[in-house]
Amino acid sequence: MFAVGATVAAASDSGGSGSSGTSSRAPGRYSPDAGFARDMAVHHQQAVEMSFIVRDRTKDEPVRSLAYDIANTQANQRGMLLGWLDLWGLPKVIADEPPMSWMATSDGGAGGATSDGGAGEPGSHHGHDMGAAKPGALMTGMATKEELAALGAAEGRDAEVLYLQLMTDHHKGGVAMARGCARQCATPAERALAQGMVEAQQSELTLMADMLKQRGAAPRG
């Protein structure tokens with residue numbers, strides 16, 4: 001909790017007009033900083049959900065350990081993202097904001113320095129390097145309700161393989177989103193968190209590919 005509080009405080013301090021070179025005001029309502037925090041919080045929540053599901057569907061310790069690590073890490077990161085939104089006085093949900101629209105902002109900067117929006121209005125539905133989400137999925141990489149139901153119904157090796165495949169897709173979408181924030185977000189602490197997500201999830205993608213191979217399977221698509 002102390003580490004999370006320190007990171008949130010760092011995000012607040014990074015808004016100062018000193019050596020960080022960023023605006024002294026909070027990110028805008030539709031800025032990459034706020035959009036990433038909102039979207040990645042939702043993205044992470046599903047990863048946590050899938051990880052808890054598979055822990056109840058298999059006794060395989062490597063998969064259960066991976067699921068625990070992903071759930072713990074992404075729950076903590078989600079707390080930081082939502083904490084920043086509170087700190088900035090911004091909503092956690094905006095009904096008329098299409099998912100990933102923050103990645104379409106053209107200036108790559110703060111996307112608006114004032115808390116009421118200003119610049120950085122919503123753009124297209126997809127970011128620069130994001131493919132379209134599959135039918136039934138909220139964002140690229142996310143599982144559908146049907147896929148979650150299938151995971152909840154599977155057992156043993158079938159559950160392990162489906163979890164690893166779904167989480168591989170999930171991580172690929174998350175990496176693309178985090179790269180977008182690392183390029184576009186104006187808050188140094190948030191950019192650093194995003195870059196850390198890229199590196200950690202790429203490492204887990206390699207691990208999951210090996211785990212699938214050990215089970216006679218492979219990533220989908």
Side-chain angles (χ1 to χ4, degrees), residues 3-4 7 36-37 39-82 99-100 103 126-127 129-183 191-221:
V4 171
T7 304
F36 174 75
D39 282 348
M40 189 58 87
V42 173
H43 211 267
H44 272 16
Q45 180 59 32
Q46 189 183 76
V48 172
E49 180 183 355
M50 290 195 296
S51 296
F52 280 128
I53 291 173
V54 80
R55 279 175 58 84
D56 294 334
R57 309 308 297 171
T58 180
K59 299 184 184 302
D60 184 84
E61 282 307 315
V63 171
R64 286 171 58 85
S65 178
L66 173 66
Y68 175 82
D69 288 344
I70 289 175
N72 188 55
T73 297
Q74 298 209 11
N76 286 337
Q77 291 174 345
R78 183 173 185 270
M80 284 189 277
L81 295 167
L82 295 177
M100 315 308 304
M103 291 189 73
H126 308 298
D129 53 3
M130 298 288 290
K134 61 191 170 188
L138 183 62
M139 285 178 263
T140 302
M142 290 186 70
T144 64
K145 290 181 180 179
E146 292 76 15
E147 288 171 331
L148 293 177
L151 180 62
E155 294 185 3
R157 177 191 172 280
D158 290 343
E160 296 159 20
V161 168
L162 182 55
Y163 171 76
L164 292 168
Q165 290 174 332
L166 291 174
M167 193 58 71
T168 293
D169 293 344
H170 206 273
H171 270 22
K172 288 177 179 177
V175 166
M177 193 191 310
R179 281 179 174 152
C181 178
R183 288 194 306 265
R191 285 201 309 271
L193 177 65
Q195 184 58 41
M197 288 179 187
V198 171
E199 294 166 2
Q201 291 192 26
Q202 284 181 321
S203 177
E204 287 175 345
L205 282 169
T206 300
L207 173 61
M208 290 190 290
D210 289 341
M211 293 175 76
L212 281 167
K213 186 175 181 180
Q214 291 166 8
R215 289 160 177 79
R220 302 186 302 181

[Y] backbone acceptor or donor facing [X] side chain under 3.5 Å:
X      : Y      : result
Arg215 : Arg157 : no
Gln165 : Ala218 : yes
His44  : Asn76  : no
Ser65  : Glu61  : no
Asp39  : Pro99  : no

Subject >> Under the salt bridge (Lys or Arg N to Asp or Glu O under 4.0 Å) test, residues paired with Glu147 that sit two or more places apart >> reply: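 Result, salt bridge (Lys or Arg N to Asp or Glu O under 4.0 Å) vs Glu147: Lys134, Arg220.
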
Subject >> Residue pairs involving residues 44-59 (criterion salt bridge (charged side-chain N to carboxylate O under 4.0 Å, His left out); sequence neighbours excluded) >> reply: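 Sorted result for residues 44-59: Arg57-Glu155.
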
What pair of heavy atoms forms the shortest contact from [X] to [Y], and how long is it?
X      : Y      : value
Ala217 : Val161 : CB-CG1, 3.7 Å
Ser51  : Ile70  : OG-CG2, 3.6 Å
Tyr163 : Ala67  : OH-CA, 3.4 Å
Val198 : Ala178 : CG2-CB, 3.6 Å
Met197 : Phe36  : SD-CZ, 3.9 Å
Ala182 : Gln195 : CB-OE1, 3.8 Å

How many angstroms lie between atom [atom1] of [X] and atom [atom2] of [Y], to the nearest 0.5 angstrom?
X      : Y      : atom1 : atom2 : value
Gln201 : Thr168 : CD    : OG1   : 11.0 Å
Leu82  : Gln45  : CG    : CD    : 9.0 Å
Arg191 : Leu193 : CZ    : CG    : 12.0 Å
Arg78  : His43  : CZ    : NE2   : 13.0 Å
Leu205 : Asp169 : CG    : CG    : 9.5 Å
Lys145 : Leu138 : NZ    : CG    : 10.5 Å

For residues [X] and [Y], determine if any side-chain heavy atom of one lies less than 4.5 Å from a side-chain heavy atom of the other.
X      : Y      : result
Met50  : Leu151 : yes
Met139 : Gln46  : no
Met167 : Leu66  : no

Subject >> side-chain contact (heavy atoms from CB on, under 4.5 Å) assessment of Met80 paired with Met40 >> reply: CA-CA 11 Å; Met80 284 189 277; Met40 189 58 87; over 6 Å; no

